[in-house]
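Note sheet for the following structure.
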Protein chains: 4
Amino acid sequence: MTEKAARPGVPRRTRADAQRNVEALLKAARTVFDTSGVNAPAKEITDLAGVGVGTLYRHFPLRSDLVKAVVESGIDACAAAGPQLSAVHEPGEALAEWLRQYTEFLGTKRGLAPALHSGDPAYEALPGHFLEKLGPVLTQLLDAAAAAGEVRDDVSTHDLLYAIANLCMPVPGQGPEYNQRMVALLIDGLRAPRQGGSSDSSSTDDGR
Amino acid sequence: MTEKAARPGVPRRTRADAQRNVEALLKAARTVFDTSGVNAPAKEITDLAGVGVGTLYRHFPLRSDLVKAVVESGIDACAAAGPQLSAVHEPGEALAEWLRQYTEFLGTKRGLAPALHSGDPAYEALPGHFLEKLGPVLTQLLDAAAAAGEVRDDVSTHDLLYAIANLCMPVPGQGPEYNQRMVALLIDGLRAPRQGGSSDSSSTDDGR
Amino acid sequence: MTEKAARPGVPRRTRADAQRNVEALLKAARTVFDTSGVNAPAKEITDLAGVGVGTLYRHFPLRSDLVKAVVESGIDACAAAGPQLSAVHEPGEALAEWLRQYTEFLGTKRGLAPALHSGDPAYEALPGHFLEKLGPVLTQLLDAAAAAGEVRDDVSTHDLLYAIANLCMPVPGQGPEYNQRMVALLIDGLRAPRQGGSSDSSSTDDGR
Amino acid sequence: MTEKAARPGVPRRTRADAQRNVEALLKAARTVFDTSGVNAPAKEITDLAGVGVGTLYRHFPLRSDLVKAVVESGIDACAAAGPQLSAVHEPGEALAEWLRQYTEFLGTKRGLAPALHSGDPAYEALPGHFLEKLGPVLTQLLDAAAAAGEVRDDVSTHDLLYAIANLCMPVPGQGPEYNQRMVALLIDGLRAPRQGGSSDSSSTDDGR
DNA sequence: GATGAATGAGAATTCATTCAT
DNA sequence: AATGAATGAATTCTCATTCAT
């Protein structure tokens, strides 16, 4: 029990290898997810990472653990951008810009989208992680912009986070710039005075 | 339905059963796809349809055949709505209304979305079917609205068809009305004068 | 639904094959269990039976289903012997003889013993099956013998069924006749006037 | 314990730790064997012992080494009891009492029984260890009792050692006292005048 | 044409064992 | 000596697909 301390010269270093493996796995997973989807055989990932399957299972016992780790990588940077943008832009523009960055961030994780929509209960928790980290950031931006009258106030943080995530799904024959373009369209809709539809559609129950 | 009569010399008596089976399979597939995704075990579908697996394979040798059939069911009605709407609405509103109907149509096929984004090459052809049938219809509406200056002219049929398909992906905790709401936002963006960003953002390369 | 009836000439015969497979599996399982224990790889059994693994899983989804089936095969014959013996023997001898036959029956299932004692919860239900079928039979014999004063009355059906099952566990270097011999010893103990220990042992807590 | 002193020239300092580990492993193994069987994952044992897997393998390279060590722990005390009992009891009672103590000893190792009956060749040697240590002791007692006419003379040491080991297998819903009771029954049979079966069973080939 | 039993390839997962630290 | 990360063989189980009836 006290032996570890009793051997000061052995700082339990092997961790470096383990860390390297975890990173290799993460990197490989990102690649493979993009290539073959989140349900790609574990072997494909470990082969790419150059480790044995056992190593994958040691660090990520559940497939969803790996997915989660991939999802979460980079999310902090995205969250951090919010306050910074608020500081240097008008509320509306800060919001728009953050959404563009968010879109870009999602472009990084294209292969994950199917997992989020797979319906597999194992991934049910994933969106929560997004919300938890990014929700508060976006809420801040959204509220500020709404308060300044620069965007409509009937769209929630949650609405937006998911709508954009949806718009970021890869589309055959199109790259990330397509998604940026569509998101821009949505943002325009957000900033435009609410239209809802002309004359007769105003009576339509459009689910709002 | 009229096929029996179409082959006078062939007393193909069971044709009615086969037809009934195909329909049962289609119905079951729609349900199961929604519930368990497009890769649900074949057994799940055949059990629900009340037929043997063999019957499924006879009519839909490839899984993608079944998916394709499900995708295509109802698409004609959606396509037909275009001209009708053009006839009774202003171009912009006709477009908006058609997109709403398209959204509703997609709501019918929620379970299919993952297939479209699965990356599985077997489903690569699916989007083509959409485009083929619905593309011309939407193009007509879009061009008319753009010509009338009611919508921006830098968004293509293809762009829109996919963007809305993306926005129609199911979101946890939300029903179809959520998707309608987000689509409405996109439509607003489409009808709004192009903004691209406020003053300073005009210089920003916002990916468009 | 009514189609089956509509084709009287097709009596759904394939069952013969299935039945043959089930029997082949049961036979193979009995052999393999004896050879390699109840936890032998499924492949070993299916190879011996000459069927694919899938067939094993179709008929016996759980390993314990197979074990149970093996356990139960032959149990009815054993149960049936009870009344017959009662009819032609004195109570004490009927009991003894039945226990001998029970021992012989267990010899048939030597490989199963470890399963019963594996502690694996999957097999927890197995003893129940024994009890259910054989318990009543033995109870009858035991009560009759006790009533006739030919055996002690402080040993229950349950006690005996398990004790003998235990005594029937294979012993290295010994065949079934060893087990018969030990069971005979137990039976002698059962028929002997209760001793509990001589004079001084009467004060011993002998666990009874 | 006294080993340090036993090797004067070798300043083997860590010996104490090693010893402690071995003991911890033995204790843990006993527990785990009882709980999860002899084939429990090594990790389960090392976790309980609070050591790394490597340590387990250092001291017990083969699983059977560990099992053997567990089996043997306590066996000496059991062996030693024989002569003591002979000294203070009549031959028959000495034997009976020793068998009771042996039963109690086995109760300590309940989890091991499946190993002995697993058929796994790795454990084939185990029974030999029993025999080697306890055989001579029991032989002495048995011979004395037989010579005194207090027990039948057609049951061997080997027979008894195994029969009782079998009777000591855990039975669902029963504790060690059940096993004591069944062993007592066997002992009664041993002490009873040989019966073999009444009149008519004498003609039965009852496997003896 | 319909059925469902059989097949067997494929994927997940576990765990004994090795070995670098 | 101790540790625990890494490995990968072994095994289970599932399911798409075929095929005899």
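First the proteins, then the strands, lettered A, B, ... as listed; each starts at 1.
- Rounded to whole Å, atom P of F/dG8 lies 14 Å from atom CG of A/Leu56.
- For the pair D/Gln19 CD and F/dA1 C1', the interatomic distance rounds to 14 Å; values are reported in whole Å.
- Counting heavy atoms from C-beta outward, C/Glu23 and C/Lys27 have side chains that stay 4.5 Å or more apart.
- Residues B/Arg63 and A/Val51 each lie close to DNA chain F; by heavy-atom proximity, the contact nearer the 5' end of the strand is made by A/Val51.
- Along DNA chain F, the nucleotide nearest to A/Gly52 and the one nearest to C/Ala42 differ in position, and the one closer to the 5' end is contacted by A/Gly52.
- Counting heavy atoms from C-beta on, the side chains of C/Ile45 and C/Leu66 come closer than 4.5 Å.
- Between D/Thr55 and the phosphate of F/dT3, there is a side-chain N or O to OP1/OP2 separation shorter than 4.0 Å.
- Rounded to an integer number of Å, the gap from NZ of C/Lys43 to P of F/dT12 is 11 Å.
- What separates CG of C/Asn39 from P of F/dC13 is a distance of 11 Å, to the nearest Å.
- Residue-to-nucleotide proximity on DNA chain E shows that, of A/Pro61 and B/Gly50, the 5′-proximal contact is made by B/Gly50.
- In terms of the salt bridge (charged side-chain N to carboxylate O under 4.0 Å, His left out) criterion, residue partners of C/Lys43 (sequence neighbours excluded) are, by chain and number, C/Asp47.
- Contact between the side-chain N/O atoms of A/Asn21 and the OP1/OP2 oxygens of F/dA5 is not found at any separation under 4.0 Å.
- As the counterpart of F/dT21, E/dA2 is assigned, both hydrogen-bonding distances of the Watson-Crick or G-U wobble pattern falling under 3.5 Å.
- Between the side chains of B/Thr108 and B/Arg30, no donor-acceptor pair is found at a separation under 3.5 Å.
- Figure legend. E/dT7 is base-paired to F/dA16; pairs are counted as Watson-Crick or G-U wobble with both atom distances under 3.5 Å.
- Counting to the nearest Å, the P atom of F/dA20 and the CZ atom of C/Arg20 are 14 Å from each other.
- Residue C/Ala40 is classed as a sugar-phosphate contact, given heavy-atom separations below 4.0 Å to backbone atoms only.
- Of all nucleotides listed (E/dA6, F/dA5, E/dA9), E/dA9 comes nearest to the side chain of C/Val53.
- Here the nucleotide nearest the side chain of B/Arg58, chosen from F/dA2, E/dG1, E/dT13, is E/dG1.
- Rounded to an integer number of Å, the gap from CG of D/Leu62 to P of E/dT18 is 9 Å.
- Look at CG on D/Asp47: it is 15 Å from P on E/dT14, rounded to the nearest Å.
- Counting heavy atoms from C-beta outward, D/Val71 and D/Phe33 have side chains that stay 4.5 Å or more apart.
- Relative to the side chain of D/His59, the nucleotides E/dA16, F/dA6, F/dA2 differ in distance, and F/dA2 lies closest.
- Spacing between atom OH of A/Tyr57 and atom C1' of F/dT12 amounts to 13 Å, rounded to whole angstrom units.
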